[in-house]
*Asks:* 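One structure, pasted below without further comment.
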Amino acid sequence: MKSRSIRNLLLIAQREYLATVKSKAFIISLVLAPLFMGGSIIAMVLFQDKVDTRDKKIAIIDSTGQIAPAIIEKADHRNANNITDKEGKQNKPAYLFHIVEAATEELEETRLELSDDVRNRKLFGFVEIADSILSTDPKVSKETPVRFYSKNPSLDDLRGWIRGPINDAIRGIHLSELGIDKNEVGYLFEWHRVDGMKLVEADESGKAKDAEKANELAAFGIPVAMLFIMFIMVMMGAMPLLNSVMEEKNQHIAETILCSVTPFQFMLGKVLGGVAVSLTGSAFYITMSVLLFGNMGFMGYIPFELIPWFLVYLIGAIMLMGSMMAAIGSACADAKEAQNYTFPAMLPIMVPMFVLSVIIKEPMSGFATTLSLIPPFTPMLMMLRQSMPGGVPMWQPMVGLAGLFIFTVITVWVGSRIFRVGILMKGKTPSFSTMMKWAIKG
Amino acid sequence: MDAISINQITKTFSNQKAVDNLSLAIPSESIYGFIGPNGSGKTTTLRMILSIIYPDSGSIELFGQPTSGSLRDDIGYLPEERGLYNKMKVGELIRFFGKLKNTDDLDKKIDYWLERFDLLDWKNKKIDALSKGMSQKVQFIASIISSPKIVILDEPFSGLDPVNAETMRSAVIDLQKQGTTIVFSTHDMGTAEKMCDRIFMIYQGKKVLDGTLAEIQERYGSDTLKVRMTSGEVSMQTLPGIEKITDYGREQDLRLSPGTDTQEILNKLISIGRVERFEIVKPSLHDIFVRIANPEKE
């Protein structure tokens with residue numbers, strides 16, 4: 001490219017960059033975007049104690065006649081010891097169980113009466129325990145032997161809590177039938193956690209080092225944070241190009257600029273400006289992370305070795321998304337019509353967010369590997385997989401990067417051909433097939 | 001040497017010829033007026049000169065060379081539909097456009113032009129704080145800040161009050177005196193008549209007029225009578241040899257059929273009332289424009 005072209009390309013990029021980073025919106029987004037992204041997690045931590053502490057009255061229909069007393073005993077113990085914080089302030093509701101007697105033939109009527117009590121707020125809910133729960137005969141159906149009825153049974157903490165006392169009571173009853181005193185075998189009722197450990201490595205002398213516990217922050221927190229930062233950076237670097245190009249088109253600024261630069265230089269300059277914006281944002285977040293983690297003594301968690309990969313993927317993602325946004329902006333008459341094209345164009349960053357939980361659970365699965373090698377998804381998904389403990393084989397990021405490079409070049413080319421026609425076009429927004437015609441025929 | 005040579009260019013959009021086999025030579029240091037009705041191909045032609053779009057066939061040369069990237073720096077352009085970056089400051093914006101054209105001595109030029117257009121106090125204000133007229137002047141400055149060899153102005157005076165229009169007109173004349181070739185497109189025939197060395201008219205993509213005002217008028221001959229009667233509006237429908245009457249209220253333009261005896265018309269008018277003005281003139285550019293662009297109503 002000639003020096004004049006490079007000069008003008010850089011001038012367009014510089015203007016785009018300065019117009020974005022000098023705006024208050026950029027600074028506010030830089031600070032607020034992570035808060036919004038992590039808002040639900042922060043809210044959960046901040047408001048975890050903000051629960052309804054009113055007593056919860058629960059009825060029990062116990063057909064076995066043996067389990068309900070054990071539940072009431074456990075509930076009383078919980079109410080006495082586990083519903084206040086260190087300062088003695090109640091932070092959980094008390095569970096107040098009472099037994100309701102009901103003969104088998106009266107069960108349906110009793111259920112209806114208790115349901116009405118729940119609806120009338122006399123009760124919080126009721127539990128029904130079938131006598132089949134104590135059967136040791138494998139032929140006896142044990143389908144739903146315990147049922148919990150309430151207005152919102154799916155999300156209730158009580159449903160989770162009651163599982164423990166019921167199962168402990170059943171084990172106790174069976175032990176008793178076998179002539180074993182439950183209190184003598186208390187160890188049978190203990191639950192043990194399983195610690196995740198990293199693979200053992202050898203020290204300098206070749207001896208095995210002590211194994212390190214796997215850390216959840218490293219396993220999930222860092223990969224998810226990197227994915228979110230890339231998402232935010234793409235939103236800040238590429239998405240504004242849509243409105244920026246529409247403004248230049250609709251306010252007739254583009255024509256003046258196009259007498260100095262080619263449409264390709266114009267679009268590429270704007271996309272490079274978007275890249276610079278995202279790199280600035282990334283530099284801000286990396287610096288803030290280093291300062292924050294350094295102060296907290298967690299510097300070791302920052303994956304410095306992945307930062308170059310992050311930046312390369314980010315540049316690819318902005319070039320890819322930015323070209324698409326610029327092309328859409330050039331073709332659309334107004335923001336409302338642009339929305340029709342914006343959603344499909346955002347799939348490269350939306351799909352990785354949709355499959356985040358699946359990939360985190362099985363980062364080496366065939367699904368995760370295949371999806372991360374599809375070029376539009378490579379920047380976010382390969383980054384996510386690389387940043388998880390164990391990483392990925394080196395060939396995968398290399399192949400992913402090559403695919404991303406080829407796909408980005410094609411997208412920039414197609415985008416520039418749409419841009420060159422669309423930016424001077426007036427009237428209604430063209431259909432997708434018309435845009436493709438522009439891309440193919442010019 | 002011609003500043004711009006257009007050689008048999010054709011441009012088609014969706015099977016419709018916007019410009020059809022057009023050739024034109026625009027001499028250096030001249031003011032060349034482009035006229036034509038809306039949609040006739042003016043802006044398409046200007047865009048092709050600017051290399052914003054390219055002809056399907058034919059060629060365009062600037063100063064004898066095919067249009068290229070570096071030659072773009074020699075052209076300034078003020079488009080008809082104006083727009084500026086609203087959030088940029090006046091000085092920043094002119095600097096941006098100046099840099100795109102590789103302008104030297106930019107600070108001095110910016111101050112000179114802002115002062116000339118009485119905008120120096122607005123240098124550090126944002127564009128969205130300016131009035132429409134001020135924005136138009138800023139855009140004009142942005143188009144000529146690089147001291148280009150060719151300036152293309154599309155409707156430069158539209159929307160300006162008489163004072164600002166005069167300031168801009170004087171700047172355009174000064175640029176020409178300094179050796180700049182001016183191409184301007186306008187619907188204001190009066191301005192075109194007064195300012196342009198040569199006038200080109202395009203209609204339905206084809207060249208229909210090209211020459212000096214005198215040459216163009218010569219083609220039509222002295223076929224127009226300017227008449228003003230003391231009694232104001234008088235019915236002239238019965239006058240002999242009149243092809244068309246254009247009534248301006250106090251005054252009427254009468255277009256004569258070939259061979260019409262003007263003395264006979266004068267006698268008739270005297271018999272109707274007192275004649276204040278009776279002048280045989282060549283048709284105005286406005287009249288010629290209307291004759292070409294609206295022949296069915298003639």
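Just so we're clear, the structure is a prediction, and the values are computed from it rather than from any experiment. Residue numbering restarts at 1 for every chain, and letters A, B, ... go by the order of the sequence lines.
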*Asks:* Chain A heavy atoms under 4.5 Å from B:Glu80: which part of the residue, side chain, backbone, both or neither?
*Replies:*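 When you check distances to chain A, no heavy atom of B:Glu80 falls under 4.5 Å.
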*Asks:* Given the options B:Pro79, B:Gly83, B:Ser143, which has more heavy-atom pairs under 4.5 Å with chain A than any of the others?
*Replies:*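 Maximum pair count with chain A is reached by B:Gly83.
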*Asks:* Please flag which part of B:Leu100 lies under 4.5 Å from any non-hydrogen atom of chain A: side chain, backbone, both or neither.
*Replies:*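 For B:Leu100, backbone and side chain are both near chain A.
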*Asks:* Kindly say whether the aromatic ring centers of A:Phe264 and A:Phe419 come within a distance under 6.0 Å.
*Replies:*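 Aromatic pair excluded; centres sit 6.0 Å or further apart.
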*Asks:* Looking at A:Phe26, I want to see if its CZ is surrounded by more than 12 non-hydrogen atoms of other residues, nucleotides or ligands under 6.0 Å.
*Replies:*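 Atom CZ in A:Phe26 is packed in, count exceeds 12.
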*Asks:* Quick check on B:Ile53 against chain A: is it the side chain, the backbone, both or neither that has a heavy atom closer than 4.5 Å?
*Replies:*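 Only the side chain of B:Ile53 comes within 4.5 Å of chain A.
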*Asks:* For the candidates A:Glu248, A:Glu255, A:Gln251, which exhibits the highest count of non-hydrogen atom pairs separated by less than 4.5 Å from chain B?
*Replies:*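 The candidate making the most pairs under 4.5 Å is A:Glu255.
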*Asks:* Any chance you could measure B:Ile4, atom CD1, to B:Lys149, atom NZ, to the nearest 0.5 Å?
*Replies:*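 Nearest 0.5 Å value for the CD1-NZ distance: 12.5 Å.
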*Asks:* Which bit of B:Lys87 is near chain A, if near means a heavy-atom gap under 4.5 Å: side chain, backbone, both or neither?
*Replies:*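 For B:Lys87, there is no contact with chain A at all, as no heavy atom is under 4.5 Å.
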*Asks:* With a 6.0 Å cut-off (strictly less than), is the heavy-atom count around NZ of B:Lys123, excluding the residue itself, greater than 12?
*Replies:*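 Enclosed: over 12 neighbouring heavy atoms sit under 6.0 Å from NZ of B:Lys123.
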*Asks:* Identify which part of A:Leu18 has an atom lying under 4.5 Å from any heavy atom of chain B, answering side chain, backbone, both or neither.
*Replies:*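 Neither; nothing under 4.5 Å.
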*Asks:* Got more than 12 heavy atoms from elsewhere within 6.0 Å of CG, A:Asn243?
*Replies:*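 Yes, the 6.0 Å shell around CG holds more than 12 heavy atoms from other groups.
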*Asks:* Heavy-atom distances under 4.5 Å only: say whether B:Ser146 touches chain A with side chain, backbone, both or neither.
*Replies:*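 Neither part; nothing is under 4.5 Å.
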*Asks:* Counting only non-hydrogen atoms closer than 4.5 Å, does B:Phe13 touch chain A with its backbone (N, CA, C, O), its side chain (CB onward), both, or neither?
*Replies:*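 Contact with chain A is absent: no heavy atom of B:Phe13 under 4.5 Å.
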*Asks:* Is there side-chain contact between A:Met324 and A:Thr411, with at least one heavy-atom pair below 4.5 Å?
*Replies:*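 They are in side-chain contact.
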*Asks:* Distance-only, no hydrogens or angles: does the A:Arg15 side chain make a donor-acceptor pair with backbone N or O of B:Phe96 under 3.5 Å?
*Replies:*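 Checked: no pair found.
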*Asks:* Of the listed residues (A:Leu258, A:Val261, A:Ile253), which shares the most heavy-atom pairs with chain B below a 4.5 Å separation?
*Replies:*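 Winner by heavy-atom pair count: A:Ile253.
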*Asks:* Determine, for B:Asp118 against B:Lys137, whether the closest basic-nitrogen to carboxylate-oxygen distance falls under 4.0 angstrom.
*Replies:*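 Not counted as a salt bridge, because no side-chain N and carboxylate O are separated by less than 4.0 Å.
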*Asks:* If you count heavy-atom pairs within less than 4.5 Å of chain A, which of B:Leu50, B:Asn102, B:Ile152 leads?
*Replies:*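 Most heavy-atom pairs within the cutoff with chain A belong to B:Asn102.
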